[in-house]
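For this chain, numbers begin at 1 and follow the sequence in order.
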Amino acid sequence: MASTNRTRVTRLTRRGLLLLVAGVLAGLSAYVVGRNELVPLGAFLAAAPAIAWVYVRLRPLRFSATRESRPPVLEAGTRSEVTLQIRNDSAYRSPVANWRDTWLWRPFATAPRPFGRLAAGPGGSMASAYEVTPSRRGSFEVGPAIIDFSDPFGLADGAVIASGTSRLIVTPAIVELPEGAVAIAADEGPTRLRQRRSFGGDDDLMTREYREGDAMRRVHWRASAHHGELMVRQEEQRSHAEARVVLETRRAGYRDSRGAGTIDEPESESFEWAVSMCASLSLYLAERGFIVQVIETGDPQLSPVDDFDEFMKSLAAVELVATNPRWLTLLDGVSRPDRPQGSVFAILSSAETSTVERLIAQRGAFDLAVAFLVEPGSAPQAQSLRAAGWLCVAVHPTATLDEAWLALAAQQEIPDGRP
């Protein structure tokens with residue numbers, strides 16, 4: 001592939017190299033054996049590829065390329081059809097040539113395809129289509145296109161870069177999460193979330209044991225007296241339509257971070273899993289009537305979820321950051337912190353102690369708190385969060401989002417006898 005920082009590459013073909021070597025050998029033979037008639041032959045053989053190289057190198061060629069992608073924004077692993085238009089911008093008719101378009105993931109370029117001579121001026125253009133399938137999310141540059149041509153005798157090849165690139169936005173793949181992990185129902189008004197666990201009696205039906213972080217306003221005093229320990233209300237039906245998704249975006253929060261990623265190897269597999277879960281979970285909640293707010297542990301990079309297309313575009317480009325821990329608050333902008341704030345879902349990996357402590361401290365403001373912990377080495381964080389009333393699902397970066405979501409279902413008892 002031609003380097004994108006040069007506009008033209010010129011090289012001799014095998015035929016041209018053979019002629020050049022033959023010319024040099026003929027000249028040496030004339031000197032060794034004293035046959036002067038070999039001198040003009042050698043000069044001709046050596047001059048032919050040299051002239052061809054100069055012809056290819058200096059031929060005035062200039063191309064530009066434009067692209068139209070359908071769709072212009074796509075999910076990782078899906079196909080986009082790219083229509084490439086190449087225009088001859090020089091004042092001369094172009095030679096018969098091949099074109100190939102380039103990108104950053106394997107196989108890095110299309111197979112060479114031929115096109116005929118293009119006239120000079122506005123009418124000198126051609127269009128062709130091909131498909132690309134990006135393997136992972138990102139905001140990628142497609143192009144430049146490369147035009148391969150040669151001299152009429154095939155002694156030298158040239159490659160000219162056609163100016164013009166385009167951007168292809170590849171969002172994380174969205175997985176349709178199965179129903180049943182949490183009992184969520186949406187109607188025309190607010191979203192209703194119900195949790196129920198049955199322990200035996202009427203009081204038990206709506207209570208569970210007190211956990212660190214639970215708000216004292218939720219203590220059920222009659223059930224507490226009956227059990228001899230603090231119990232909090234569990235069976236409640238409230239109208240609310242709020243959900244928060246906490247996404248760990250700090251590099252220090254991922255043990256598998258390599259510090260630099262490539263198109264074929266992301267910086268952190270755990271982070272890629274977290275981004276995909278954030279996208280899928282946000283859509284799942286938004287479709288059920290929740291007002292979803294995504295909170296990043298690093299500097300903000302994401303667009304609001306209420307414009308979901310822009311939110312997905314921002315997820316395509318989100319990166320791990322190396323900033324110091326922010327003062328993590330789940331209640332930013334809340335006017336009534338004394339009332340339940342709905343549900344919170346945290347997607348973490350090797351979260352730092354300060355992050356875990358902030359999540360524990362704010363657990364009591366939410367009816368439901370779920371933490372997805374990516375990486376096997378997250379046991380200490382899971383233990384602390386569980387003790388504070390968080391439901392914790394530990395997953396490996398190779399696990400599917402469905403598996404993680406169903407693992408959450410296994411930790412809850414859903415109404416109507418569902419597991």
Side-chain angles (χ1 to χ4, degrees), residues 1-17 52-53 55-57 59-90 93-118 124-151 154-173 260-267 272 313 316-317:
M1 188 194 315
S3 172
T4 58
N5 60 6
R6 292 186 291 172
T7 59
R8 182 175 301 213
V9 174
T10 309
R11 58 187 176 274
L12 292 178
T13 64
R14 180 177 298 180
R15 182 186 304 173
L17 286 172
W53 188 92
Y55 171 84
V56 170
R57 183 69 180 180
R59 181 166 185 173
L61 295 176
R62 191 169 68 253
F63 298 92
S64 60
T66 56
R67 296 162 189 79
E68 181 183 357
S69 301
R70 294 186 300 272
V73 180
L74 67 155
E75 289 186 19
T78 60
R79 294 182 179 181
S80 178
E81 183 180 79
V82 180
T83 301
L84 174 71
Q85 184 173 32
I86 297 175
R87 185 174 65 249
N88 179 15
D89 292 333
S90 71
R93 189 177 179 87
S94 73
V96 175
N98 295 324
W99 67 266
R100 48 197 168 105
D101 210 6
T102 63
W103 52 78
L104 297 175
W105 58 91
R106 295 182 187 279
F108 303 114
T110 61
R113 299 187 188 183
F115 67 91
R117 296 167 65 88
L118 301 180
S125 64
M126 56 78 60
S128 185
Y130 63 90
E131 290 184 341
V132 293
T133 308
S135 59
R136 58 171 292 249
R137 69 171 184 90
S139 180
F140 304 120
E141 191 175 58
V142 179
I146 299 175
I147 313 300
D148 298 308
F149 67 102
S150 64
D151 70 284
L155 302 181
D157 285 336
V160 177
I161 291 178
S163 62
T165 61
S166 61
R167 185 135 316 255
L168 187 64
I169 298 176
V170 185
T171 64
T262 64
I263 185 63
D264 294 321
E265 188 175 79
E267 180 176 354
E272 295 305 312
K313 290 179 183 179

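Closest approach of Ala97 and Asp148 over heavy atoms only: CB-O, 3.1 Å. Contact between Arg113 and Ala129 at its shortest, heavy atoms only, is NH1-O, 2.8 Å. Of all heavy-atom pairs spanning Pro134 and Phe140, the tightest one is CB-CE1, 4.5 Å. Contact detail for Ala76 and Ala173: the closest heavy-atom pair is O-CB, 4.1 Å. Taking both residues in full, the closest heavy atoms of Ala316 and Arg137 are given as O-NH1, 2.9 Å, listed atom of the first, atom of the second, then distance. The minimum heavy-atom distance between Arg136 and Glu272, with the atom names listed, is NH2-OE2, 3.5 Å.
Distance check: Ser125 OG to Asp89 CG gives 10.0 Å after rounding to the nearest 0.5 Å. Put simply, CZ on Arg67 and CD on Glu81 are 14.5 Å apart, with the number rounded to the nearest 0.5 Å. If you take CH2 on Trp53 and OG1 on Thr13, they are separated by 14.0 Å, rounding to the nearest 0.5 Å. The CZ atom of Phe115 lies 4.5 Å from the CZ atom of Phe63; values are rounded to the nearest 0.5 Å. We find the CG-OG1 distance between Asp101 and Thr110 to be 6.0 Å, quoted to the nearest 0.5 Å. The CG atom of Leu61 sits 10.5 Å away from the CG atom of Leu118 when rounded to the nearest 0.5 Å.
Take Arg117 and apply the side chain to side chain donor-acceptor pair (under 3.5 Å) test, not counting sequence neighbours, and it matches no residue. Partners of Asn88 by side chain to side chain donor-acceptor pair (under 3.5 Å), not counting sequence neighbours, listed by chain and number: Ser90.
Using cut-offs of 30° and 60° on the angle between ring planes, the pair Tyr130 and Trp99 is tilted.
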Under 3.5 Å donor-acceptor pairs involving side-chain atoms of residues 156-171, not counting sequence neighbours:
residue, atom, partner, partner atom, Å
Thr165, OG1, Glu141, OE2, 3.1
Arg167, NH1, Ser139, O, 2.9
Thr171, OG1, Leu74, O, 3.4

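Within 6.0 Å of the CZ atom in Arg79, the count of heavy atoms belonging to other residues, nucleotides or ligands does not exceed 12.
With hydrogens and angles ignored, the 3.5 Å screen pairs no side-chain donor or acceptor of Thr102 with any backbone N or O of Phe108. Of the possible donor and acceptor atoms, one in the side chain of Ser80 sits under 3.5 Å from a partner among the backbone N and O of Pro71.
In this structure, Val142 and Val132 have side chains that are not in contact, with every pair of non-hydrogen atoms separated by 4.5 Å or more.
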